[in-house]
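Here the structure is laid out as structure tokens; the discussion comes afterwards.
When reading the values below, keep in mind they use all heavy atoms of this one structure, side chains included, and skip hydrogens, waters and symmetry mates.
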Amino acid sequence: MASGGQSIGKTSEEAFDYICSVCDRQNKTTEAVKYCVECKDYCCQPCMDMHKIFSTLSSHSFLDVGLGHQSGSKTSDFPTERCCIHNGKILDMYCESHNVVACCTCIAKDHKSCPDNKIYSVPDMLDTLLKFSDSQQTQSRLKQMIGTMTTLSKSKDARLEKLSGARQEAMDQVAKFQTALEAIFRKAADVSRNEIEEGFKKIRDEIRQDKVDVDDTSQVLQDADNKIKKAAGNKAQRFVCSKIAEKNIKVAEDEKIKQEKNDNADVGLSFIPSKPLMKYIQSLHGIGEVQIGKKKKQDLYKMISSRDINIKVPSDSSDCSSFGCCLTNDHQLLVTDCDNKNLKRVDVQTMKVIDHCSLNGTPFGLCCISEEIVAVACRIPYKVQFVSIQDKMIPTRTFDLPGNCYGIAVKGDKLYVSGDNTTLHVYDMTGKCLRTISKDSAGNYLFSDCTHITFNESSDKMLVSDFRSKLVCFDGRENYQSTITDSDLSGVDGVCTDGRGNIFVVGRYSETVVQYNEDGTKIGVILKGQDGLQQPSSVSFHQGLNRIFVTMVDSNVLKMYDLE
């Protein structure tokens with residue numbers, strides 16, 4: 001008899017060529033009728049039926065019992081992988097044309113146009129098929145690809161961590177900006193409260209004075225009445241007192257008319273909310289722009305409207321001339337006025353100068369160091385002037401510069417100042433010169449007349465404008481990269497970015513603003529002289545409003561342009 005498919009002797013009432021492996025493990029002797037490829041067991045009919053009951057066993061393949069034990073038969077060479085499309089059928093077919101394994105249904109349905117001599121049965125043609133495949137090479141490639149996927153997985157983890165950090169930073173910025181907005185609204189609300197209090201005190205004091213006047217008049221009348229009463233036995237005295245009383249009555253009648261007129265005036269005190277402000281707030285989609293991933297705008301901006309902003313204030317001794325501007329963290333515009341030697345702060349909502357301060361020097365370029373401090377490059381004397389820009393703008397400390405200066409920018413804890421025409425100076429915040437930049441690696445001078453400086457947040461590049469009609473580009477380590485020249489730019493002056501990779505460059509003589517992408521490729525001219533530019537000198541971009549501000553030489557106005 002055969003036990004577990006093996007022809008060995010076993011004590012039993014019956015003898016079978018093949019016995020059920022499952023029953024044999026339970027010390028039962030049952031004739032096997034099939035061989036299960038997946039279980040690698042001989043099965044009797046009840047065990048066969050048991051396969052049909054359990055879903056995980058129902059798709060198993062069965063061979064005749066003889067095939068499971070025949071000399072030279074290799075049951076391990078029979079595939080067990082199932083088709084995920086056709087009810088778990090065995091993937092026992094191979095299409096050479098498509099180099100895929102499939103079940104018989106896949107072959108009949110999806111490979112009917114393939115030549116018959118390119119379709120193989122895997123168990124029947126195994127030796128032939130193995131010639132088509134190099135399992136060792138496949139395993140090597142698998143190992144290599146598994147390593148690649150592991151590396152990619154780690155990079156995704158790093159990206160997720162970076163994204164989480166960026167999310168937190170963005171949330172912190174929202175909270176920070178919200179706090180700034182709340183502070184502005186509290187300040188504005190305090191102004192309204194003070195106006196209410198001042199109005200109340202003014203009207204209260206007027207009413208109190210009216211009451212004093214009424215009480216004084218009443219007392220005069222009461223005194224006159226008492227005198228008349230006391231003069232009852234003296235006709236002459238009574239006559240005199242009566243005449244005086246008549247005069248007092250006439251004065252009292254005039255007082256009565258005045259006080260009744262005052263009483264007709266409204267003593268109400270009310271507050272009328274600003275409808276334009278409420279309408280603007282209600283129109284906001286958010287309190288800023290959310291940039292997802294590396295969202296960049298590479299299309300040419302178009303001007304949709306423009307406006308002049310008057311920057312001349314009553315205390316100015318001459319007309320204005322501005323060579324620098326920058327936006328603060330709370331989106332107010334700071335503007336230098338070199339002819340009046342002062343710094344001005346413009347509210348970008350009301351388009352009015354709301355504050356200004358005098359400087360001991362002629363201001364040109366400027367940059368924000370923090371929410372509270374701005375640095376200004378001044379000439380005669382040559383120095384960097386720090387200015388507090390909290391409630392009121394107040395000049396604070398300074399440090400001296402060795403010579404001429406024009407533009408200034410900040411990155412981290414370093415200040416970059418253009419000076420001496422051909423040199424860019426790098427300082428720490430105390431005024432210590434860390435290095436100078438003037439030549440490329442070949443010893444050639446990079447600048448002829450360097451002016452403004454900015455940093456492109458998108459690509460970590462430093463950009464320096466040169467009045468001799470070029471823009472000089474450096475990488476994040478202050479290494480020279482390239483020089484941009486353009487026929488649409490003459491007298492290159494102001495430069496700024498939009499935070500999305502775009503660069504805006506001002507041509508003072510060409511009276512243009514030209515847009516480039518972060519690689520220095522020209523996108524086009526967005527503003528020209530016909531748009532109101534007259535000797536433009538500096539430029540700043542308001543990301544939240546898609547708004548650009550341009551200062552002009554020898555002008556009492558700066559230009560504001562809304563873009564799309």
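Taking the centre of each ring, Y416 and F474 stay at or above the 6.0 Å mark. Taking the six-membered ring wherever Trp is involved, the centroid distance between the rings of Y561 and Y301 does not fall below 6.0 Å.
Under the salt bridge (charged side-chain N to carboxylate O under 4.0 Å, His left out) criterion, E371 pairs with K176, not counting sequence neighbours. Taking F200 as the reference, nothing meets the ring-ring contact (aromatic ring centres under 6.0 Å, His included) condition, with sequence neighbours excluded. The salt bridge (charged side-chain N to carboxylate O under 4.0 Å, His left out) check on K341 picks up nothing, with sequence neighbours excluded. Here D355 pairs with R345, K392 under the salt bridge (charged side-chain N to carboxylate O under 4.0 Å, His left out) rule; sequence neighbours left out. Residues forming a side chain to side chain donor-acceptor pair (under 3.5 Å) with T396 (at least two apart in sequence, or on another chain): none. Qualifying side chain to side chain contact (heavy atoms under 4.5 Å, CB included) partners for C357, counting only residues two or more places apart in sequence or in other chains: L343, L359, V387, M393, P395. In this structure T398 satisfies the side chain to side chain donor-acceptor pair (under 3.5 Å) test with no other residue, sequence neighbours excluded. R468 is linked by a salt bridge (charged side-chain N to carboxylate O under 4.0 Å, His left out) to nothing, counting only residues two or more places apart in sequence or in another chain. Residues passing the ring-ring contact (aromatic ring centres under 6.0 Å, His included) test with Y280, sequence neighbours excluded: none. Remark: V100 engages C95, H98, H111 in a side chain to side chain contact (heavy atoms under 4.5 Å, CB included) (not counting sequence neighbours).
One N or O on the side chain of S418 and one on the backbone of G407 form a donor-acceptor pair closer than 3.5 Å. Of the possible donor and acceptor atoms, none in the side chain of N340 sits under 3.5 Å from a partner among the backbone N and O of N342. In this structure a side-chain-to-backbone donor-acceptor pair under 3.5 Å is missing from D562 to R547.
Taking 4.0 Å as the cut-off between side-chain N and carboxylate O, D339 and K312 do not count as a salt-bridged pair. Using a 4.0 Å cut-off between charged side-chain N and carboxylate O, E478 and K411 make no salt bridge. With respect to K528 and D531, no salt bridge is recorded, no charged nitrogen being found less than 4.0 Å from a carboxylate O.
Cation-pi geometry between K439 and Y445 is met: under 6.0 angstrom from the ring centre, within 45 degrees of the axis.
The stretch residues 145-162 participates, sequence neighbours left out, in no side chain to side chain donor-acceptor pair (under 3.5 Å) pair at all.
Ring geometry for Y406 versus F323: interplanar angle over 60°, hence perpendicular rather than tilted (30 to 60°).
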Anything under 3.5 Å between a donor and an acceptor, one on a side chain of residues 180-188, the other on a protein residue two or more places apart or in another chain? List them.
| residue | atom | partner | partner atom | Å |
| --- | --- | --- | --- | --- |
| E182 | OE2 | Q178 | NE2 | 2.9 |

